[in-house]
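The structure appears below as structure tokens.
The structure displayed is predicted, hence computed values, not measured ones. FYI, side chains are in, hydrogens and waters are out, and symmetry mates aren't considered; it's all heavy atoms of this structure.
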Amino acid sequence: MSGPERAATGTGEGDVVAQTPINQILAGRFACREFCNAPVPRRTIEQILRIARFAPSGANIQPWHVYVLAGAAKDRVSTALLDAHENSRDEHVSEYKYYASDLPDPYLKRRQEFGRLFYGSLGIAQIDLEARSRQTAKNYTFFGAPVGLIVTIDRRLEVGSWLDLGMFVQNVMLAAAGRGLQSCPQETFAKYHRILRPLLSIPAEQMVVCGISVGKAKVERPVRLMPRADIDEFATFVGFET
Ligand SMILES: Cc1cc2nc3c(=O)[nH]c(=O)nc-3n(C[C@H](O)[C@H](O)[C@H](O)COP(=O)(O)O)c2cc1C
């Protein structure tokens with residue numbers, strides 16, 4: 001294919017992107033919540049991390065740390081977190097706040113739309129708390145992925161370093177997509193840091209930020225579920241000719 005064409009995963013009018021390799025990887029990544037159990041070799045994850053480490057970071061401080069879990073180690077984490085989710089979820093809280101308590105618009109509207117689309121796609125009524133809880137539980141099995149990452153950051157660092165960490169996390173997911181693998185970033189793991197810490201020997205100064213499931217997607221190129229605001233909603237161009 002040549003020239004600008006609608007991305008295979010596109011959603012609408014403004015969604016025309018050139019089919020360059022980098023664009024295909026960016027547009028082809030999605031939050032995958034159903035994986036095949038085909039194993040991903042350690043070597044592949046090493047390659048992903050080796051390229052992801054070229055993420056930029058202020059003063060090149062590279063504030064990321066990753067625990068890479070597979071096999072019995074991953075299963076131990078899953079078992080412990082599923083148990084906590086079932087029996088003691090209210091006793092656990094993340095060490096950082098992901099969402100503002102009062103989301104202003106347009107973010108509130110987008111979150112509501114996310115809920116409609118996400119639970120709608122799963123056939124779960126938004127008021128069905130039991131079914132929602134069962135869906136949340138799937139996070140802790142890494143959605144069936146063969147590899148789970150737990151991402152941490154040194155708590156002594158400032159918010160700027162979290163910006164760097166986000167870039168690293170995105171690089172990991174794009175590097176995976178470039179190898180035909182999909183991923184899901186998962187903040188929900190942060191809630192269970194008290195369980196993860198002893199299981200993975202996470203030092204006290206490290207804060208659990210998120211997990212990332214990595215593996216081969218069950219459905220390789222699904223129709224993109226989550227839309228994006230078009231650029232006129234988030235970009236202000238100054239100094240260009242119209
Ligand atoms: C930092 C971060 C944390 C997230 N945490 C979760 C999570 O805990 N569970 C989950 O199912 N999805 C999680 N997501 C996935 C988002 O819901 C998803 O990226 C968003 O709805 C857009 O969909 P897309 O990535 O498929 O385009 C997270 C995404 C990010 C960036």
Side-chain angles (χ1 to χ4, degrees), residues 1-41 44-45 47-48 51-52 69-70 74 78 98 106-107 109-126 128 131-149 151 166-167 169-189 210-231 233-234:
M1 284 193 285
S2 64
E5 296 188 26
R6 196 168 301 284
T9 48
T11 52
E13 276 309 302
D15 210 4
V16 177
V17 293
Q19 295 291 295
T20 60
I22 182 79
N23 282 3
Q24 285 179 320
I25 291 170
L26 264 72
R29 183 218 58 82
F30 64 96
C32 179
R33 299 183 181 91
E34 238 189 326
F35 292 89
C36 307
N37 55 9
V40 174
T44 304
I45 300 295
Q47 288 169 349
I48 288 170
I51 194 70
L69 313 179
K74 181 174 71 72
S78 291
Y98 193 93
Y107 316 109
K109 283 209 174 72
R110 290 178 188 159
R111 185 163 77 176
Q112 289 164 342
E113 186 185 25
F114 164 82
R116 269 196 307 278
L117 291 170
F118 180 57
Y119 291 111
S121 75
L122 298 166
I124 296 175
Q126 288 207 60
D128 188 346
R132 286 176 59 159
S133 168
R134 280 197 299 277
Q135 175 59 32
T136 299
K138 291 182 184 172
N139 275 280
Y140 308 124
T141 66
F142 296 92
F143 298 114
V147 174
L149 309 183
V151 180
M167 297 192 194
V169 167
Q170 173 73 334
N171 266 9
V172 169
M173 297 191 292
L174 294 179
R179 285 164 177 75
L181 299 173
Q182 283 299 343
S183 58
C184 188
Q186 294 160 266
E187 55 85 21
T188 192
F189 281 96
C210 66
I212 312 176
S213 299
V214 183
K216 193 111 187 127
K218 267 213 173 128
V219 180
E220 284 208 5
R221 288 194 141 260
V223 174
R224 178 167 287 284
L225 181 63
M226 293 299 158
R228 295 295 194 272
D230 212 342
I231 59 170
E233 282 192 51
F234 66 84

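- The number of heavy-atom neighbours closer than 6.0 Å to CZ of Phe114, taken from other residues, nucleotides and ligands shown, is above 12.
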- Going through the distances and angles, do Lys138 and Gln135 end up as a side chain to side chain contact (heavy atoms under 4.5 Å, CB included)? CA-CA 5 Å; Lys138 291 182 184 172; Gln135 175 59 32; 3.7 Å; yes
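- Under the 4.5 Å side-chain criterion, counting only non-hydrogen atoms from C-beta, Gln170 is in contact with Met173.
- For Lys74, there are no salt bridge (Lys or Arg N to Asp or Glu O under 4.0 Å) partners two or more places apart in sequence or in a different chain.
- Annotation for Ala18 and Asn23: closest pair O-ND2, 2.9 Å, computed over non-hydrogen atoms.
- Atom CD1 of Ile212 sits about 10.5 Å away from atom CZ of Phe189, to the nearest 0.5 Å.
- Considering every non-hydrogen atom in both Pro146 and Ala38, the closest pair reads CG-O, 3.2 Å.
- In this structure, the side chain of Arg29 does not engage the main chain of Ile25 through any donor-acceptor pair within 3.5 Å.
- Here Leu149 contributes atom CG and Cys184 contributes atom SG; the two are 11.5 Å apart, rounded to the nearest 0.5 Å.
- We find the CD1-CZ distance between Ile124 and Arg132 to be 8.5 Å, quoted to the nearest 0.5 Å.
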- Ile48/Leu181 under side chain to side chain contact (heavy atoms under 4.5 Å, CB included): CA gap, chis, key distance, verdict: CA-CA 10 Å; Ile48 288 170; Leu181 299 173; 4.1 Å; yes
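- Residue Ser121 holds its OG atom at 13.0 Å from CZ of Arg116, rounded to the nearest 0.5 Å.
- The main-chain N or O of Gly28 is never found under 3.5 Å from a side-chain atom of Arg221 such that the two would form a donor-acceptor pair.
- Between the side chain of Ser78 and the backbone N or O of Tyr140 there is at least one donor-acceptor pair closer than 3.5 Å.
- Under a 3.5 Å cut-off, the side chain of Gln182 and the backbone N or O of Phe30 do form a donor-acceptor pair.
- In this structure, the separation between CD1 on Ile45 and CZ on Arg179 is 9.5 Å, given to the nearest 0.5 Å.
- The backbone N or O of Ser213 lies less than 3.5 Å from a partner atom in the side chain of Gln186, making a donor-acceptor pair.
- Scanning all heavy atoms of the two residues, the minimum distance from Arg110 to Ala229 falls at NH2-CB, 3.6 Å.
- More than 12 heavy atoms of other residues, nucleotides or ligands lie within 6.0 Å of CD in Glu187, so this atom counts as buried by the packing criterion.
- Counting heavy-atom neighbours within 6.0 Å of Gln112 CD, excluding the residue itself, gives a total above 12.
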- Test side chain to side chain contact (heavy atoms under 4.5 Å, CB included) on Asn171 and Ile51 and set out the steps. CA-CA 8 Å; Asn171 266 9; Ile51 194 70; over 6 Å; no
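- Inter-residue side-chain proximity for Pro185 and Val151 is flagged as unmet; no heavy-atom pair is nearer than 4.5 Å.
- For the pair Val40/Lys216, no side-chain contact is recorded, criterion being any heavy-atom separation below 4.5 Å from C-beta on.
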